[in-house]
J.: 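Got a structure here, written out as structure tokens. Questions coming.
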Amino acid sequence: MDKNMLADLDSLPEADKHRMSVMIDQLQIRDSLRMYNSLVERCFSDCVDTFKHKSLQKQEETCVRRCAEKFLKHSMRVGMRFAELNQGAATQD
């Protein structure tokens, strides 16, 4: 966020600040759920081959674990890169 935008937020009435905070929280929850659903869908479709057993086979379980780890590492790296770019853009202002 640039400095002007932060100054604009500070000038808002308390009720509007609260509404903005609630809206941001809702967006973060939505994005977290979207990421979780994407993780589950991707790893399940990549790793689970059959439905012959009611629990995951050892190979499927290992695949799901690796898939989830890769997905989360990738998401963290993208988030870090986004923060770097955002910080770079803020220092240019």
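The figures here come from the full heavy-atom set of this structure, side chains too, leaving out hydrogens, waters and symmetry mates. The model shown is predicted, which means the values in this text are computed figures rather than measured ones.
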J.: If I take atom CD from residue Q28 and atom CZ from residue R30, how far apart are they, to the nearest 0.5 angstrom?
T.: 11.0 Å

J.: Flag yes if L39 and F44 sit in one hydrophobic cluster, no otherwise; membership is Ile, Leu, Val, Met, Phe, Trp, Tyr, and two members link when side-chain heavy atoms are under 4.5 Å apart.
T.: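 Shared cluster, no.
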
J.: Using a 4.5 Å cut-off on heavy atoms from C-beta on, say whether the side chain of M35 contacts that of L72.
T.: yes

J.: Measure the CD1-CD1 distance between I29 and I24 for me, rounded to the nearest 0.5 Å.
T.: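 With rounding to 0.5 Å, CD1 (I29) is 12.5 Å from CD1 (I24).
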
J.: Working to the nearest 0.5 angstrom, can you tell me the gap between N37 CG and R42 CZ?
T.: 15.0 Å

J.: For residues D46 and C63, report the shortest heavy-atom separation together with the two atoms involved.
T.: O-SG, 4.4 Å

J.: Quick one: closest heavy-atom pair of C47 and V64, and the distance?
T.: SG-N, 3.5 Å

J.: Charged N to carboxylate O below 4.0 Å: is that the case for E61 and K58?
T.: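 Salt bridge: no.
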
J.: Does any part of the side chain of F71, heavy atoms only, come nearer than 4.5 Å to the side chain of S38, both counted from C-beta?
T.: yes

J.: For atom CD of E84, decide whether the heavy atoms of other residues, nucleotides or ligands shown that lie under 6.0 angstrom number more than 12.
T.: yes

J.: If you compare all heavy atoms of Q57 against all heavy atoms of H53, which two are closest, and at what distance to 0.1 Å?
T.: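 Looking at all heavy atoms of both residues, the closest pair is NE2-CD2, 2.6 Å.
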
J.: Just how far is it from atom OG of S75 to atom CE of M80, taken to the nearest 0.5 Å?
T.: 12.5 Å

J.: Would you give the length of the straight line joining atom NZ of K73 to atom CE of M76, rounded to the nearest 0.5 angstrom?
T.: 8.0 Å

J.: Are any of the side-chain nitrogens in R65 or E69 under 4.0 Å away from the carboxylate oxygens of its partner?
T.: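 Between E69 and R65 there is no salt bridge, as every charged N stays at least 4.0 Å from the carboxylate O atoms.
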
J.: Should we count NZ of K17 as having more than 12 external heavy atoms under 6.0 Å?
T.: yes

